[in-house]
Q: 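Here's a structure for you.
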Amino acid sequence: MESKTNKRTKTLVQIALLVAVMIVLNFTNLGLIPIPFSPLKVTTLHIPVIIGACLLGPKIGGILGLLFGLLSFINNSFVAPIVTSFVFTPLYSLGDYHGNFGSLIICFVPRILVGVFAGLIFQWMASKKCRTYLSGFVAGLVGSMTNTILVMGGIALFFGSEYASAKSSTLLAVIGTAVGVNGVPEAIVAAILTAAIVTPLLKILKRG
């Protein structure tokens with residue numbers, strides 16, 4: 001029977017690998033997939049969070065989600081700020097538009113809940129004896145849409161008019177575009193990759 005020390009070591013190794021993947025994705029073009037015939041890109045940074053939540057549970061998923069938020073905060077504050085970075089960090093401002101405490105909520109809370117919700121839905125479906133690939137697929141969908149819906153909801157709540165002005169559009173149009181053009185492809189990619197990766201990984205881990 002495997003000792004608690006060995007289990008803890010294996011868990012730490014898995015977390016370290018997922019963290020390394022997130023850092024590589026964040027600081028390379030692998031973290032953003034171009035949408036054909038569109039200037040928009042689909043993020044993949046939430047996928048390791050969802051996979052970690054499926055493999056290690058919602059608590060670890062939440063911790064990985066916290067790292068996701070921290071990387072987003074660093075990007076928008078220092079590495080590659082853009083016109084709308086003020087909604088993710090109080091350290092960035094654009095003319096009359098300033099980040100505030102609401103920026104921190106948008107940057108961190110949705111990302112933490114990505115891991116928590118994905119982990120919970122995966123565990124619930126597993127308890128119902130659902131196939132692993134189906135559980136992973138649904139967890140990927142739920143995790144990804146959690147990020148999209150809560151981020152855009154937070155932006156509408158804290159920075160509605162400012163965000164729309166920075167985008168030179170109406171708030172409804174901006175949210176609709178974000179959900180339809182970014183959110184849906186991101187959810188589909190996350191669902192497919194989560195199902196494809198989690199299924200064999202769980203078999204390997206159980207065998208090990």
Q: Would F101 and I112 show up in the same hydrophobic cluster when neighbours are defined by side-chain heavy atoms closer than 4.5 Å?
A: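 Result: yes, single cluster for both.
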
Q: Identify the two heavy atoms, one from E186 and one from H46, that lie closest to each other, and give their separation to 0.1 Å.
A: O-NE2, 3.9 Å

Q: Please find the pair of heavy atoms, one from S144 and one from A190, that lie closest to each other, and give the distance.
A: CB-CB, 3.9 Å

Q: Given the rule in the side-chain contact (heavy atoms from CB on, under 4.5 Å) test, do I82 and S85 qualify, once you have shown the distances and angles that lead to the verdict?
A: CA-CA 5 Å; I82 59 175; S85 286; 3.6 Å; yes

Q: Report the C-alpha separation of T89 and F78 in whole Å, then their side-chain angles, then the decisive distance to 0.1 Å, and conclude whether the side-chain contact (heavy atoms from CB on, under 4.5 Å) test is met.
A: CA-CA 10 Å; T89 170; F78 311 110; over 6 Å; no

Q: Distance check, rounded to the nearest 0.5 Å: L120 atom CG versus L113 atom CG?
A: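 Answer rounded to 0.5 Å: 10.0 Å.
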
Q: Is there a path of hydrophobic side-chain contacts, each under 4.5 Å between heavy atoms of I/L/V/M/F/W/Y residues, joining V49 to L202?
A: yes

Q: For the aromatic rings, using the six-membered ring if either is Trp, is the centroid distance between Y97 and F86 under 6.0 Å?
A: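 Yes, the ring centres sit under 6.0 Å apart.
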
Q: Between the main-chain N or O of H98 and the side-chain N or O of S93, is there a donor-acceptor pair closer than 3.5 Å?
A: no

Q: Are any non-hydrogen side-chain atoms of I149 and V179 less than 4.5 angstrom apart?
A: no

Q: Backbone N or O of L30 within a donor-acceptor pair of the T44 side chain at under 3.5 Å?
A: yes

Q: Determine whether more than 12 heavy atoms belonging to other residues, nucleotides or ligands lie under 6.0 Å from atom CG of L172.
A: no

Q: Name every donor-acceptor pair, under 3.5 Å, that has one atom in a side chain of residues 122-143 and the other anywhere in the protein, sequence neighbours excluded.
A:
unit_1: S127; atom_1: OG; unit_2: W124; atom_2: O; d: 2.5
unit_1: S135; atom_1: OG; unit_2: R131; atom_2: O; d: 3.2

Q: Distance-only, no hydrogens or angles: does the T194 side chain make a donor-acceptor pair with backbone N or O of A191 under 3.5 Å?
A: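 Not at all, since once roles are kept as given, no pair shorter than 3.5 Å links the two residues.
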
Q: Do the non-hydrogen side-chain atoms of V87 and F158 ever get within less than 4.5 Å of each other?
A: no

Q: M22 versus N26: any side-chain heavy-atom pair under 4.5 Å?
A: no

Q: Would you name the heavy atoms of A166 and T84 that are closest together and state the gap between them?
A: CB-CG2, 4.1 Å

Q: If the condition is ring-ring contact (aromatic ring centres under 6.0 Å, His included), which residues does F73 pass it with, not counting sequence neighbours?
A: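 Expected list: none.
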
Q: Quick check: closest heavy atoms across T43 and L45, and the distance to 0.1 Å?
A: OG1-N, 3.3 Å

Q: Under 3.5 Å, side-chain donor or acceptor atoms of residues 56-72 against the rest of the protein: list the pairs with distances, not counting sequence neighbours.
A:
unit_1: S72; atom_1: OG; unit_2: N76; atom_2: ND2; d: 3.3
unit_1: S72; atom_1: OG; unit_2: R111; atom_2: NH1; d: 3.2

Q: Would I105 and Y163 show up in the same hydrophobic cluster when neighbours are defined by side-chain heavy atoms closer than 4.5 Å?
A: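 The answer is yes; both residues are in one hydrophobic cluster.
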
Q: Would a hydrophobic clustering, with Ile, Leu, Val, Met, Phe, Trp and Tyr connected at side-chain separations under 4.5 Å, put L94 with I106?
A: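 Yes: a chain of side-chain contacts under 4.5 Å links L94 to I106.
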
Q: I need the minimum non-hydrogen distance between S103 and G99, along with the two atoms involved.
A: OG-CA, 3.3 Å

Q: Taking the side chain as C-beta and beyond, is there a heavy-atom pair between L55 and L201 under 4.5 Å?
A: yes

Q: Write down the atom of P185, the atom of G180, and the distance for their closest heavy-atom approach.
A: CD-O, 3.6 Å

Q: Do T11 and I15 have side-chain heavy atoms sitting under 4.5 Å apart?
A: yes

Q: With a 4.5 Å cut-off on side-chain heavy-atom distances among I, L, V, M, F, W and Y, is there a chain of contacts connecting L25 to I188?
A: no

Q: Does the pair F159 and N100 meet the rule for a side-chain contact (heavy atoms from CB on, under 4.5 Å), with working shown?
A: CA-CA 10 Å; F159 299 103; N100 54 40; 3.3 Å; yes

Q: Answer yes or no: is there a side-chain heavy-atom contact under 4.5 Å between V189 and I47?
A: yes

